[in-house]
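Residue numbering restarts at 1 for every chain, and letters A, B, ... go by the order of the sequence lines.
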Protein chains: 2
Amino acid sequence: MYERKIPLNLNCGLDLIGEVLYGKWKMRLLWFINQGHKRPSELQRKIPDASRRVLTIQLKELEDHELISKVIYPVVPPKVEYSLTDFGKTLIPVIGAIGGWGDEHEERLRSLILKRLDSKP
Amino acid sequence: MYERKIPLNLNCGLDLIGEVLYGKWKMRLLWFINQGHKRPSELQRKIPDASRRVLTIQLKELEDHELISKVIYPVVPPKVEYSLTDFGKTLIPVIGAIGGWGDEHEERLRSLILKRLDSKP
DNA sequence: CAGTATCCGAAGGGATACTG
DNA sequence: CAGTATCCCTTCGGATACTG
């Protein structure tokens, strides 16, 4: 049985959603899958900055958390498709709100983030 | 000048909001500050699982990102108060949506998270 | 095409003790 | 009360090469 070394907090909604959405590319994966980009190679093309390994890992986590489901077609070459579960679909408006806020304040955010990095260590 | 070793992605709203909200306790800090819990010791009491050091760091980051502002009263013992900026206030509905989704699916999430941890390594 | 194995560095965050 | 300084370990994610 797995034992986390760093304590897990599951006290409130913010903790809980953190557990399923943390991971650098997860929200984008959900977003693109929702838009109909279902195959791993497609997602990889949509998110070229991510390594294939990490995409696979995060897709697996999303699947374990029942936000997406996976269908493997027994053909050569292999074909795989992901789709949102009903549960996963309920998250889309939330991700929309998050991304919407980010888009709305895009320039300001970019400048604040870069300013902070410049003055850091 | 600071240089990130791990690439920074600032391509879309989801990246940008990630930069300012990543950090284990940041959303909760904003939430509690919004509810009128302004002093560090108060926040510490609200979030006992976090160490004082990390709270200080994350408060500083929120301040650098102009989501909160800090007032230091020149008294002994020291007194400090944080408040949301107008910019920070625009985030509250988003955090509400995030936490709301988490609360709404609380039981299911908790069980999924724990199940995944159990079967992990 | 999809996924796995290995290796490694970066960054987050916890504990503790300390200062003003 | 508020904040800082160390120290250290966990976890995340990147690069690359490989298998079915």
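Between Glu61(A) atom CD and dC12(D) atom P the separation is 7 Å, expressed in whole Å. Atom-to-atom, CD of Glu63(A) to P of dA2(C) comes out at 15 Å; the value is rounded to the nearest Å. For Tyr73(A) and dG3(C), the OH to P distance is 13 Å, given to the nearest whole Å. Nucleotide dG13(C) holds its P atom 11 Å from the CG atom of Leu55(B), rounded to whole Å. For Asp49(A) and dA15(D), the CG to P distance is 9 Å, given to the nearest whole Å. Taking atom CD on Glu81(B) and atom P on dG3(D), their separation rounds to 12 Å, with Å as the unit. Whole-Å rounding puts the Leu59(B) CG to dG3(D) P distance at 8 Å. Straight-line distance from the CG atom of Leu29(B) to the P atom of dA2(D): 14 Å, rounded to whole Å.
Looking at heavy-atom distances under 4.0 Å, Arg52(A) makes contact with a base. Among the protein residues, Gln58(A) comes within range of the sugar-phosphate backbone only, with heavy atoms under 4.0 Å from sugar or phosphate atoms but none that close to a base. Note on Pro40(B): only backbone sugar-phosphate atoms sit closer than 4.0 angstrom, heavy atoms only; bases stay farther off. Residue Lys70(B) is in sugar-phosphate contact alone, with no base atom involved, counting any heavy-atom pair closer than 4.0 Å across all strands shown. Using a 4.0 Å heavy-atom cutoff across all strands shown, Tyr82(B) reaches sugar-phosphate atoms only and no base atom.
Distances shorter than 4.0 Å separate some side-chain N or O of Ser41(A) from OP1 or OP2 on dA2(C). Side-chain nitrogen and oxygen atoms of Arg53(A) include none within less than 4.0 Å of the OP1 or OP2 phosphate oxygen of dG14(D). One finds a side-chain N or O of Lys24(B) lying less than 4.0 angstrom from the OP1 or OP2 phosphate oxygen of dG14(C).
Salt bridge absent: Lys115(A) and Asp118(A) never bring a charged side-chain N and a carboxylate O closer than 4.0 Å. Under a 4.0 Å N-O distance rule, the pair Arg110(B)/Glu106(B) qualifies as a salt bridge. We find that Glu66(B) and Arg108(A) are joined by a salt bridge, their nearest charged nitrogen and carboxylate oxygen being less than 4.0 Å apart.
Asn9(A) and Asp49(B) are linked by a side-chain donor-acceptor pair at a separation below 3.5 angstrom, with hydrogens and angles left out of the test.
Nucleotide dG14(D): paired with dC7(C) (Watson-Crick or G-U wobble, both distances less than 3.5 Å). The partner of dT19(C), taking Watson-Crick or G-U wobble pairs whose two distances both stay under 3.5 Å, is dA2(D).
The 5' end of DNA chain D is approached more closely, in terms of each residue's nearest nucleotide, by Gly23(A) than by the other of Pro78(A) and Gly23(A). Residue whose closest nucleotide on DNA chain C sits further toward the 5' end, between Arg45(A) and Asn9(A): Arg45(A).
The listed nucleotides are dG13(C), dG14(D), dC1(C); the one nearest the side chain of Val54(B) is dG13(C). Counting only heavy atoms from C-beta on, Val80(A) has its side chain closest to dA2(C) among dG14(C), dA2(C), dA2(D).
Classified by interplanar angle (parallel below 30°, tilted 30° to 60°, perpendicular above 60°), the ring pair Phe87(A)/Trp101(B) is parallel.
Each of Val94(B), Leu91(B), Ile98(B) was scored for a side chain to side chain contact (heavy atoms under 4.5 Å, CB included) with Met27(B), with one residue passing: Ile98(B).
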